[in-house]
Amino acid sequence: MNVLQLLPPFDFHDHVVGLWASPDIAVGTAWTIAAACLVAIACGLLGCFLIVQGLALIGDAISHTVLLGIVVAFLLTGQFSGPAMFVGAAVTGILTAVLIEFIHRHSRVKQDAAIGIVFSSLFAIGVILLSTMATHAHIDADCVLFGKLDTISFDKMAVAGFMIPVSVVQLLIVTVAVMFMIALFYKELLTAAFDPQLAAVLGLRPRVVQYGLMGMLSLTVVSSFTAVGAILVVAMMIAPPATAYLLTKRLPVMLLLSALFGVISAVVGTHLAFWLDASTAGAMVCVACGLFTLAFLFSPSQGLIAGSWRRYQLSQSSEEPQFAP
Amino acid sequence: MNSALSLAASLGGVLAASDFGTQMRRFWSLEDPSVRTAILGTLLLGMTCGLLGSFVVLRRLSLLGDSLGHAVLPGICAGFLVTMTKDIRWIFAGAALSAMLAAGVIALIQRRTQLKQDAVMGLVLSGFYGLGVVMLTRLQNTSSGNQSGLNRFLFGQASAISTEELKIMAVLAGIVLVVVLLAYKELAATSFDEEFAAACGIPARAIHYLLMMLVAIAIVISIQAVGIVLLSAMLITPAATAYLLTDRLKVMILLSVMFGAVAGVAGANISFLESHLPTGPFIVAVLTLFFVAAFFFSPQQGMLTRMHRRHRRQRQTLADQLVRWLHAVTSSQTQSIEQLSQEMHTSDSHIRKAVNLLRSDGLVKTDAGGLQLTTTGREYAEMLDRNAKLWELFLAQEGTIADIPFDPDTDDIEQVLGVDLKRQLEGQLNGVH
């Protein structure tokens, strides 16, 4: 049967132990998992604030438009890495947020439509630049879309005597910066997330906080770009925080759970991809969404089963409706 | 710098290539069958998406297209798996099924959790897309079957549409059109006020699911030429552009269909010029141009038109104030610009513009000492004074502010209050005198 070709026979020894079989293979696996974990942690932490602020789709939009920033930076410097790329990405990310706000404020187009228009336009321009220059640039469209997590350890640099993949160094810096920013501006982010008006009254400038968040988001997206690709970044931004959201109402717990689910997705996803011989980023996302499904079914407070059980008990207990006198 | 130049060179190379003219002629002569299918295909998709987009945008469901668009990827792969060939019927069926499944999952999660709508859409979008990417890469790494063309579903290639695909697209577009015509009243009513429509006995939730299904079909029509990544623009941008140009739903739908059709054909034309150019991004770029033009220059809603109107109104108000003041203070004396600007607490340049306006209307004249009301100017000032008194009387007696159909564009009291009421008030005013 054709469909079965998609699922090769699973062999624990081949597909799990195989990834760690020899020291050479193990090092590659370790770097892949390290990079995936860093992406998942940075995206998951920022994603928590996106989810509670109702900005999930701005995250989606930015993960697309950053492509334009990268391409323009490449056109100006001729390099597909380095500080110019980060500056280009951060500028495009903030530009995206500003343009959405501008359209939304100066016309009767609602915010959801404004998001759609801005992200598709900027992304289209990015793709057009990319495709008209494809012969010069050698930017791989597959890399843009799916990422190249498996080949991450090919490009290494020396850090304090160790050979570390460039992407891992980049991701480490960005992830630490994200953690640092969240710790530093925790109070501002918390207030802006749950009560923007209170934040404004307290002088915490929710709009500045929001643009700061968008800037951090862009940096995270651009550093994750080569690892998991444009569209899958947003999955790691939404799925683990949404899972955590079903399990807790407290932001610190949500942040921790979200990072934890991200790491689980990275580790399990890498092995899954090896077994299926498919995209590692895609497999990571599948695991992250599998975790969400579990939470959706079994969460004690918001789960499908718990909810049905409560409804059933309610229907049992109130067979004879009681009216207040 | 060098690479910027090389970009210019390569863009120039694409557009000014020696075969540019030949390709344009080949495209517009319509002799080439593949050109004809490309044009018909992009027309169909542009019109279908424009038609449905109006309802989608009015319902604030804009990002539904994005979610369902990405959600077709696993369906495309599954459809491919059935026959291991690019049999378009199975691929379309798979795409439609997975888009509808995604719509169902969105509805289920939204009903049963406290997650916000956008988070649910993003989650379903990325979950389905992730699954699709795994299936696609798995297929690419499996040697059997010729799956190499599946990638083109990501960014679309109008010239790759086959005659058989075109037939299916036409049938689907026909179904969408018929359903919209049959359910037009219900779709329109629920788009503006869902609760009101439900109270009128329209099954609002069923209509919502119907629209989701129609969108899923529109997406299936579009994946060939636009690709799944940019699909949402086909639903949102033409409709949002039309929304800036009219207040009437039927006109909006017609405009939106037109924009979709024009952009579709233009995108097909551009991508035809050079073999490796994708169609979707160019269609979206043309749509964006339409939107930007409407955003700034729409006669009613345009940002620049509204700014211009506000400016003119401010100047007119200042001019009216000037006339009344000139009339009240001096009927005969002349006033200099400096005096006026001091009196009105406004800058000289503002006063000068207002004075120019008055002079072109023949209400003031300037002589050596400054300016002075003409006879018509005095009459106009008396009319303004009288209107102001009528307003005062009306507000004191009849109205609460909320009752007045206030229109900032008109100063004509008769137009606002009606002839009868004005005459009545005038009678009272004369009695008071």
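Heavy atoms only: backbone and side chains are in, while hydrogens, waters and symmetry mates are out. Every chain is numbered from 1, with letters handed out A, B, ... down the list of sequences.
Taking G126(A), C289(A), A288(A), S107(A) one by one and counting their heavy-atom pairs under 4.5 Å with chain B, the maximum is reached by S107(A). By number of non-hydrogen pairs under 4.5 angstrom with chain B, the leading residue of I58(A), V285(A), V72(A) is V285(A). For chain B, the option among G54(A), G47(A), C286(A) with the highest count of heavy-atom pairs below 4.5 Å is G54(A). For the set K116(B), M121(B), R112(B), the count of heavy-atom pairs under 4.5 angstrom toward chain A peaks at R112(B). Between chain A and the residues I236(B), L123(B), L131(B), the largest count of heavy-atom pairs under 4.5 Å involves L123(B). Between chain A and the residues I109(B), V57(B), T237(B), V124(B), the largest count of heavy-atom pairs under 4.5 Å involves I109(B).
Residues V234(A) and S126(B) share a closest heavy-atom pair of CG1-CB, 4.4 Å. Considering all non-hydrogen atoms of both residues, P278(B) and V127(A) come closest at CG-CG1, 4.2 Å. G282(A) and V133(B) make their closest contact through CA-CG1, 4.2 Å (heavy atoms, listed as atom of the first residue, atom of the second, distance). Summarising the geometry of V134(B) relative to A278(A), their closest heavy-atom pair is O-CB, 3.4 Å, with the distance given to 0.1 Å.
Residue T137(B) holds its OG1 atom at 8.0 Å from CG of D277(A), rounded to the nearest 0.5 Å. A distance of 11.0 Å separates OG of S232(B) from CD1 of I115(A), quoted to the nearest 0.5 Å. Within the model, atoms CG of L304(A) and OG1 of T113(B) stand 10.0 Å from one another, a figure rounded to the nearest 0.5 Å. In this structure, L125(B) CG and L57(A) CG are separated by 8.0 Å, a value rounded to the nearest 0.5 Å. In this structure, CZ on R60(B) lies 5.5 Å from NZ on K110(A), to the nearest 0.5 angstrom.
Proximity to chain B (any heavy atom under 4.5 Å) is restricted, for L246(A), to the side chain, taken from C-beta onward. For chain B, no part of V118(A) is nearby; none of its heavy atoms comes within less than 4.5 Å. At a 4.5 Å heavy-atom cutoff, L235(B) makes no contact with chain A through either its backbone or its side chain. Both the backbone and the side chain of Q114(B) come within contact range of chain A, each with at least one heavy atom under 4.5 Å from a heavy atom of that chain. D66(B) touches chain A through its side chain: at least one heavy atom from C-beta onward sits under 4.5 Å away, while N, CA, C and O do not. Contact annotation for I103(A): both backbone and side-chain heavy atoms come within less than 4.5 Å of a heavy atom of chain B. At a 4.5 Å heavy-atom cutoff, R105(A) makes no contact with chain B through either its backbone or its side chain.
Ring geometry for F102(A) against F296(B) counts as tilted: the plane angle lies between 30° and 60°, on a 0 to 90° scale.
Of all residues in residues 285-294 of chain B, those placing a non-hydrogen atom less than 4.5 angstrom from a non-hydrogen atom of chain A are A285(B), T288(B), F291(B).
For the pair F292(A)/L115(B), a side-chain contact is recorded, criterion being any heavy-atom separation below 4.5 Å from C-beta on.
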**OP:** For I117(A) and F295(B), run side-chain contact (heavy atoms from CB on, under 4.5 Å): C-alpha distance rounded to whole Å, both residues' side-chain angles, the deciding distance at 0.1 Å, then the answer.
**Re:** CA-CA 12 Å; I117(A) 292 168; F295(B) 179 81; over 6 Å; no

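Around the CZ atom of R108(A), the shell of radius 6.0 Å holds more than 12 heavy atoms that belong to other residues, nucleotides or ligands.
For S120(A) (side chain) and A233(B) (main-chain N/O), no donor-acceptor pair under 3.5 Å exists by modelled atom type.
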